[in-house]
Structure formats: structure tokens, C-alpha cells
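Here's the structure, in C-alpha cells; my notes come after.
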Amino acid sequence: MKPGGVVRAVMLAGFLFLWLPILLLVGFAFSADRIPFQWGGFSLRWFGVLAANERLLEAVWLSLRIAAASATLAVLAGGGIAFALARFGPFRGRALFGALIGAPLVLPEVVIGLSLLLLFVALEGVIGWPAGRGAFTILLAHASFGAAYVAVVVQARLAEAERSLEEAAMDLEATPLVAFWTITLPLIAPALLAGWLLAFTLSLDDVVVASFVSGPAGTTLPIALFSMLRLGVTPEVNALGALVVLVVGSMLALALWLFGRGRA
Amino acid sequence: MPRGILLAPLWTWLLLLVAAPLLILVVMALATPADGVPPFMLGWRFAAFAMLVEDFYYADALVAALRLAATTAGLCLLIAYPMALGMAGVRPAWRLPMLALLMLPFWTGFLLRIGAWIGLLRDEGLINHLLRGLGITDAPLALLYTEGAMLVGMVHAYLPFAVLPIFTALIRLDPALLEAAADLGARPARVFFSVTLPLTLPAAAAGFLLVFIPAAGEFVIPELLGPPEAQVIGRVLWQEFFQNRDWPLAAALALALLALLILPIRWFQRLGAGA
């Protein structure tokens, strides 16, 4: 076998390894058997069972709301921080500022979760806010690490974007606010959107941080899934997985198609 | 525009949500566990740290976590480098769809993918079903809740993160360098070992660390796929916090994990700054 052949074989095996469990999960979601991953004829019954599981659907709805709100907050904070780092020049404490926004990218999840929980407990003890833990504390925790990812994406875009355009606008007597609104914001809009989507996905996928900072009222989808998986899988999990893969897959196909058309 | 007005809320955000939690972690590690809500009494005692040193259970958990992280990152690198080479070798028009194919599993939900592995590996799972159907085994093989299942799950979860930096470095490689080497008579293998590999080694190191750092604190995969005796630090911290309600000890474990990760993190940040 030629070296090129070996490389291609490893690549195909790698993709197969990544994809096979997911494809099997989707395929067996349509099996009637009550043991997951056993073929008992084509059936949509597990989608019906999933649709009737109100606790799980409530968790999905809570997760979607937390993800959307925390991603929005993360874009505001992370975008602002990236802008300050890229455009403000030197300011006092800039190194600390940069280190703090980068920290959640490298801290282990258990450390982020535990430390944020301790913060919320301390805040409640000292100023009485936020009272108790649940959806709101999960939202804040997710926004805090989401902002770190948004800042990376936006900073990369700001570094590429021509600063001269903003300067030209200001030379033409535009106030900095007008220059920001008409030049900078449109330039970084794709990065803000990409950052929002990244923060949204990370929030929707997080079980560790949410488990630490949630109370009894904060059962998100990952927390519900985690306790289901501890007891073993059910065909409902397959049905849910199939739905997620179909939604995400069609969104990505649409994005690729739009991107391809935009370039053509 | 007064920058201070813009900086103030951003500073508040960072100090409150990133700096303060880490400082409180230190305060908590020095407190004493107590009955009550919340279950601690503030103080300045080193009892939690002393426990980490005296009871080898905790040191073992740290070592087990580092070993799991290194094995996972090593396996990922072994698969990721040839994968990235293959992906960089396709026609440029195919690169974006390939990248989508690599990252899409990441967008389908971490827990659902672990659920798929549970369904494949358990006693009544698909693999055992096939093995019995083909007459290879009579009794189900214990596949789930083993070291092997845990490693498979870890590599499956983290592989894309090892491929990304190597793939990026490979497609940014100046083709003129490779052509020059070939023009000077180097065979493809020689070009690879004396040009491509040395120039992409920092990216390979970045890929290794991008897996190693989060894998060292991993809790979910050892808990759902690994054997009960795979007591890695993420799991031990979780148990001390949720089951034993020993918050000071959990905080001390978090600080110990951070101390061990400082060097890999610094190394990773240096690689990032050089890229």
C-alpha cells in the first residue's frame, strides 16, 4: 500500500468511527423494539412516547430558553471585551483583562462549575441575590463561559478587519459611535452570529456546570438526559437523538448551500 | 468617547464571573465542613490540603486523571494526524464539506453520543447481539463499564479537537516549500519527514493539549462508560461535593487539579501566541 493509501484509509476509518454510532442511533430510533439498538420492524412509536414525555419536553424548552438568553448575554459581554482588546490600545490592567476572558477556555468544567456555585452561594449570603439557584444561575454561568468563546471569534474578525475604514469614517467627521454603528458592527456581524451559535450550542450541551449551579427547579435537557443514561438507555433517547441529528444536519446543509451560493 | 464608561461594565463582568469565583475557591478550600446549609464554616485551616497529602486516594485520583488524559490525547493524535493529512489532501472545494463532516458530531450533543455508545456496548447491546448472532460468543462480553469503553468514549468525544489545529496548519503550509523540496529531488516521504512534519509539529502539540487539558478534569465519560474503580479526579471531586457534601475538600481538589494543569495550559497559550 502506498503512503497516500494508508492516509486515506485512516481518514475513512476515523470518519466511520465518528459517524457510525450516530448513524446507528438515528437508524434504530425507527425500530419498534423496546430494547434500544435491536431491530423490531419500522415504527414511529418511540417518537410518540417522546412526545408524551412532558418532563423531558419541559427540560428541552427550559434548555432552549437558557441557551438563547445566555448566548445573547455572552455576545454582548464577549463582543464588548473583544472590541476593547482589539481597539482600545493600552489601558490599565489590560493583561489581566485578557487573561480573565481567556480563562474559561482552559479551566476544567468541574472547576468552572464548583467555583461559580461558590460565587452564587457567597453572593446570596452577602447581598441576598441571586436568591436560590435554578434557571437564572445556569443562564449566568453559561453566559460567563460563552463570552470567552465569543471573544475569541470576534477578536479574530476584528484583527482581520481593516481599521482604516473606521479611521476614514472618523476623518469624515463621523462620531465614534456612528463609525462603530455603520462600519465596525456590519464588519463583525458574521463573527457575532458565529459566536452566538457557538455559545448557544455549548449551553445546550453542558451538564457539568449546570449540575453544580442548578437547584431543584433547574432541570435542563442535559441534566435530565444524564440521569436517564445513568439508568441505561431507552429507545426514547434514540428518538431524541434522531430528531437532534436531523435538525442540526439540515441546518448545516442549508448553511453550506447558502455559503456555496454566496461564493458562486 | 470615554473608554472608562465602556470598560467599567466589562471589568465588572470579568471580575465578578471569572476572578471572584476562583478567589472564593481558595477561601472555601481553607474553610471547615459543617452540618448546615450551606455546609461549611469559614476559617483559615489547611485540613483539606492535609487530607490530599495524607490520603493516597486523592493522589491516585490525580494520577489516574493525568494518565487518562495523556492516553486519550495520545490516541487522538495518532488518529488525528493522518486524518488531517487526508483532509488537507482533497480538492480545495471539498475541504469545507470535510470540515463540516468532522465537526457535525460535535453539534449533535455530547450526551446523545455517549448514549449511542451505551446502546452499542452493553450486555444486550448491538455488538453483543451481533457476536452472539454470528456464533462467536455464547455469553455476553462485558464491554460497558470497562477501561476500554471509557477510552473509546473519550477518543470519540475529543478527536475532532485534535484534528482541527493540524488540519489548519497543513492547509496553511506554503506549497512553494514542498515544491522546492521535491524539485531538489526529495522523495515524497523525505518531503514529509523533513518539511511537512517539522512545520506542523507545533500544531500537533496544540492538538494534543486541546484534548489533554479538558480530558484531565473529565467527569461524565468515566461516570457513564468507565468501571467503578476508574476514580479520576473529576469523579472524586463530584462525589466529595454532591455525596459527601465536603465543600472545602472539593475546593481543594479543584485547586490541586488547576496546579497540575498550569504547565500544560501555559504551554498551550505559548503555542497559540506563536501561531
Side-chain angles (χ1 to χ4, degrees), chain A residues 3 6-8 10-11 14-15 17-19 21-22 24-25 35-38 77 80-81 84 88 91 97 100-101 103-104 106-111 114-116 118-119 121-122 140 144 147 176-177 201 205 207-208 222 225-226 229-230 232-233 237-238 240-241 244-245 248-249 252 256 259, chain B residues 1 3 6-7 10 13-14 17-22 24-25 28 38 79 82-83 85-87 96-97 100-101 104-105 107-120 122 124-126 129 156 159 188-189 213-214 216-217 219-220 224 234 237-238 241 250-251 254 257-258 265 268:
Chain A
V6 176
V7 162
R8 210 155 307 153
V10 175
M11 179 178 75
F15 275 119
F17 169 68
L18 282 179
W19 276 97
I22 297 169
L24 289 170
L25 180 90
I35 300 178
F37 292 90
Q38 300 250 356
I81 287 161
F88 280 10
F91 58 86
F97 194 84
L100 286 177
I101 188 61
V106 291
L107 291 178
E109 286 175 312
V110 283
V111 176
L114 177 62
S115 65
L116 280 169
L118 296 179
L119 170 79
V121 170
L140 267 187
S144 103
L177 199 63
T201 320
D205 220 18
V207 60
V208 173
L225 262 179
F226 182 70
L229 290 181
R230 259 191 168 155
V233 273
V237 176
N238 285 36
L240 182 68
V244 172
V245 171
V248 173
L252 196 81
L256 281 176
F259 185 80
Chain B
M1 193 171 7
R3 294 186 318 189
L6 284 174
L7 276 174
L10 302 175
W13 176 275
L14 289 174
L17 289 173
V18 185
L22 293 174
I24 296 171
L25 206 55
M28 180 56 66
I79 307 169
M83 263 185 96
L85 264 182
M87 287 171 62
L96 194 65
L101 213 55
L104 189 61
W107 297 84
T108 55
F110 169 64
L111 284 167
L112 288 169
R113 283 178 291 145
I114 294 178
W117 281 111
I118 295 177
L120 293 175
R122 57 198 204 123
E124 318 86 76
L126 186 65
H129 191 66
H156 193 248
L159 181 60
I213 294 167
F219 157 74
V220 176
L224 290 179
L237 191 157
W238 186 280
F241 181 82
L257 176 61
L258 276 187
I265 287 172
F268 177 69

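So that the names make sense, note that chain A is the first sequence line, chain B the second, and so on, each numbered from 1. Side-chain atoms are counted along with the backbone in the values below, which use heavy atoms only and exclude waters and symmetry mates.
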Please classify the contact of B:L257 with chain A as side chain, backbone, both or neither, using a heavy-atom distance under 4.5 Å. side chain
Part of B:L126 within contact of chain A (heavy atom distance under 4.5 Å): both
Chain B contact via A:V244 - which portion, at a heavy-atom distance below 4.5 Å: side chain
Work out which heavy atom in B:M87 is nearest to a heavy atom in A:M11; give both atom names and the distance. N-SD, 3.4 Å
Using heavy-atom distances under 4.5 Å, tell me whether B:L224 contacts chain A through its side chain, its backbone, both, or neither. side chain
Under 4.5 Å to a heavy atom of chain B? For A:A122 that would be side chain
Closest approach of B:G109 to A:D205 (non-hydrogen atoms, all atoms of both residues): CA-OD1, 3.2 Å
Nearest heavy-atom pair of B:L112 and A:G241: which atoms, and what distance? CD1-CA, 3.7 Å
So what's closer than 4.5 Å to chain A heavy atoms on B:W107: side chain, backbone, both or neither? both
Side chain, backbone, both or neither: which part of B:L237 has a non-hydrogen atom closer than 4.5 Å to chain A? side chain
Checking side chain to side chain contact (heavy atoms under 4.5 Å, CB included) for the pair A:L18/B:L101: CA distance, chi angles, key distance, verdict? CA-CA 9 Å; A:L18 282 179; B:L101 213 55; over 6 Å; no
B:A254 to A:L114 - nearest heavy-atom pair and separation: CB-CD2, 4.1 Å
What residues, two or more places apart in sequence or in another chain, satisfy ring-ring contact (aromatic ring centres under 6.0 Å, His included) together with A:F97? A:F91, B:W11
Does the plane of the ring in A:F226 sit parallel, tilted or perpendicular to the ring in B:F219? Use 30° and 60° as the thresholds. tilted
Between B:L14, B:L17, B:I118, who has the most heavy-atom pairs with chain A when the cutoff is under 4.5 Å? B:L14
Counting heavy-atom pairs under 4.5 angstrom with chain B, the leader among A:I35, A:L116, A:L119 is A:L119
Distance-minimising heavy-atom pair for B:A116 and A:P21: CB-O, 3.7 Å
Need one label for B:L159: side chain, backbone, both or neither, based on atoms under 4.5 Å from any heavy atom in chain A. side chain
Got a sec, which residues hit side-chain contact (heavy atoms from CB on, under 4.5 Å) with A:I22, two or more places apart in sequence or on another chain? A:W19, A:V245, B:P105, B:T108, B:R113
Run the side chain to side chain contact (heavy atoms under 4.5 Å, CB included) check on A:I101 and B:V18 step by step: do they pass? CA-CA 8 Å; A:I101 188 61; B:V18 185; over 6 Å; no
Tell me the closest heavy-atom pair linking A:F15 and B:M83, and the distance in Å. N-CE, 3.8 Å
Contact winner vs chain B - A:A147, A:S144, A:P222, heavy-atom pairs under 4.5 Å: A:S144
Choice from A:L107, A:V237, A:I81, A:L225 maximising heavy atom contacts with chain B below 4.5 Å: A:I81
Using non-hydrogen atoms and a 4.5 Å limit, figure out which bit of A:V121 sits close to chain B: side chain, backbone, both or neither. side chain
Under 4.5 Å to a heavy atom of chain B? For A:L25 that would be side chain
What part of B:I265 lies closer than 4.5 angstrom to a heavy atom of chain A: side chain, backbone, both or neither? side chain
At a 4.5 Å cut-off on heavy atoms, which part of B:F110 comes close to chain A: side chain, backbone, both, or neither? both
For B:H156, is it the side chain, the backbone, both or neither that has a heavy atom under 4.5 Å from a heavy atom of chain A? both
